[in-house]
2 protein chains.
Amino acid sequence: MSSPSPKFELFTRFAEVGKALGNPHRLVILELLAQRERNVDDLASAARLSVANASQHLRLMRKVGLLVSRRNGAQILYRVSDPAVLDLVAALHRVGERNVAEVREIVGGYFRRRDALEPVSRQELSRRMRDGLVTVLDVRPEDEFDAGHLPQAINAPLRELEKQLRDLPKDRDVVAYCRGPYCVFAFEAVALLRQHGFSARRLEDGFPEWKAAGLPVA
Amino acid sequence: MSSPSPKFELFTRFAEVGKALGNPHRLVILELLAQRERNVDDLASAARLSVANASQHLRLMRKVGLLVSRRNGAQILYRVSDPAVLDLVAALHRVGERNVAEVREIVGGYFRRRDALEPVSRQELSRRMRDGLVTVLDVRPEDEFDAGHLPQAINAPLRELEKQLRDLPKDRDVVAYCRGPYCVFAFEAVALLRQHGFSARRLEDGFPEWKAAGLPVA
DNA sequence: AAACTATTAAACATAATTATTGAATGGGAT
DNA sequence: ATCCCATTCAATAATTATGTTTAATAGTTT
């Protein structure tokens, strides 16, 4: 303990990154920033935090290298520093899922239906888009859609989806996606579409994963 | 805050996994367990922790699904629950490395030399092993070697390496590996080998990564 | 059965994290 | 220059993590 080894110092640094992932609010912020860069005020309200609190979480994540920031006029915009961070978060979700069986018991909501809604893989969607057999629906808010989306995707934020239903062709399958694998918008959208007689499924994950996989974006 | 959303509950669970990665002692334990399963007493002394403290760290990691345990006679053996955990730790290291530039300044030791020692990739080593052009040296302790190692590898724990030098062919390149990318044994081994006129390099990471990549093990 | 061993749990002191308040900073705008 | 705004800092209280010490547990061995 007197003189910690170089390796232990290094692992201490790694542990700081781990700690930064150790708070649900920060994971929510990370998911939001995976869509597009945002300022503090914006993030605070989206994550339902006070501005000062959000600022602290952001400072911590920037300190350990998860985020970077830039100034734009009066505001400071944060974004995820590197695609490796998205990989890290995805790996965390994958390991965390093991314990989700337990969570399912607790929340008994969206994620129980998860398997029933047969997610579509990126590969499959990619292929079916090429064949022109599918309507792709982006159910994220408009601003996130504008910052980048799947080619051919139609933006239909959840609260406006019902109005847009009449414009969707009924003879084609619909695939809905949103922010990521645990984003509830896509679940809700699929449920609503099915209620109205559509053949609907959701993408297994969201826009950031699609982009990170090197697939084309608009 | 009154009724947290299902997604927030889920992210809370994921954050618990993050928290479990948020302590350097636990990361050390994880690296040890990536080599082979071990009991508490063993881990405690290898990680320089009290038994009770090690037990607590282990309990926490088991609780969040990073580890599993089984009883064998009088002792309880822990192991990493799943290859996905190794992926997660690898992703954490990758992101943490960004800040290593800063760490390098602090520790100014092994990891500064890191780039100079030109690591060999798994692919390259695999190819050169197939062509029979290379001596592969496993510099981990004997027990870890016995639990699994690269095919054709020779076990030469660091403190015995000097004695074994005379038995190594001088006309072939040597590649040394140990526990993982931050295991110092391989750095030391390469330095020693070069001092004695060998053409030596180290594998970019260690045995667990080799095994996780689906490459053959003995 | 008792004695033994390896491991875990409980209780505690110390230290770190979290979220809140209110004040301070530091660029733009007027 | 002064004002205004977004953001950060500082101080606080509540909560949670860490690592000791001591006691309990649950199998093994005798």
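Here the structure is a predicted model, which is why all the values come from computation and not from measurement.
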* Quick one: on DNA chain C, does Ser55(B) or Asn53(A) contact a more 5' nucleotide (nearest heavy atom)? -> Ser55(B)

* Within less than 4.0 Å of OP1 or OP2 of dT17(C), is there a side-chain N or O belonging to Asn23(A)? -> no

* Counting only side-chain N and O atoms of Ser50(B), is one of them less than 4.0 Å from OP1 or OP2 of dG19(D)? -> no

* To do: Report the residue (Gln56(A) or Val40(B)) whose heavy-atom-nearest nucleotide on DNA chain C is the more 5′ of the two.
  => Val40(B)

* Asked: If you measure from the Lys or Arg side-chain nitrogens to the Asp or Glu carboxylate oxygens, is any gap between Arg94(A) and Asp82(B) under 4.0 Å?
  -> no

* CD of Glu16(A) versus C1' of dA16(C): gap in Å, rounded? -> 13 Å

* From dT7(D), dA6(C), dA19(C), nucleotide with atom closest to Ile76(A) side chain -> dT7(D)

* Asked: Do we get Arg179(A) above Phe185(A)'s six-membered ring, with its NZ or CZ under 6.0 Å from the centre and within 45° of the axis?
  -> no

* Asked: Which one of Leu66(A), Leu60(A), Leu67(A) satisfies the side chain to side chain contact (heavy atoms under 4.5 Å, CB included) criterion with Arg26(A)?
  -> Leu60(A)

* Considering only dA6(C), dA19(C), dT21(D), which nucleotide approaches the side chain of Gln75(B) most closely? -> dA6(C)

* To do: Nearest whole angstrom, please: distance from the P of dA9(C) to the CG of Leu60(B).
  => 12 Å

* Asked: Given Arg13(B) and Glu16(B), is the salt bridge (charged side-chain N to carboxylate O under 4.0 Å, His left out) satisfied, shown in steps?
  -> CA-CA 5 Å; Arg13(B) 202 49 64 112; Glu16(B) 282 169 10; 3.6 Å; yes

* To the side chain of Arg71(B), which of dG22(C), dT18(C), dG27(D) is closest? -> dG27(D)

* To do: Name the closest nucleotide to the Lys19(A) side chain, picking from dA6(D), dA9(C), dT17(C).
  => dT17(C)

* Has His57(B) got a side-chain N or O lying under 4.0 Å from the OP1 or OP2 atom of dG19(D)? -> yes

* Asked: For His25(B) and dT18(D), is the shortest distance between a side-chain N/O and OP1 or OP2 below 4.0 Å?
  -> no

* Main-chain N/O of Gly65(B) paired to Ser81(B) side chain as donor or acceptor, under 3.5 Å -> yes

* To do: Would you please confirm or rule out a distance under 4.0 Å between OP1 or OP2 of dA6(C) and any side-chain N or O of Tyr78(B)?
  => no

* **Phosphate OP1/OP2 of dT7(C) contacted by Arg59(B) side-chain N/O (<4.0 Å)** => no

* Side chain of Ala52(A) (C-beta onward), nearest among dT7(D), dT21(C), dT7(C) -> dT21(C)

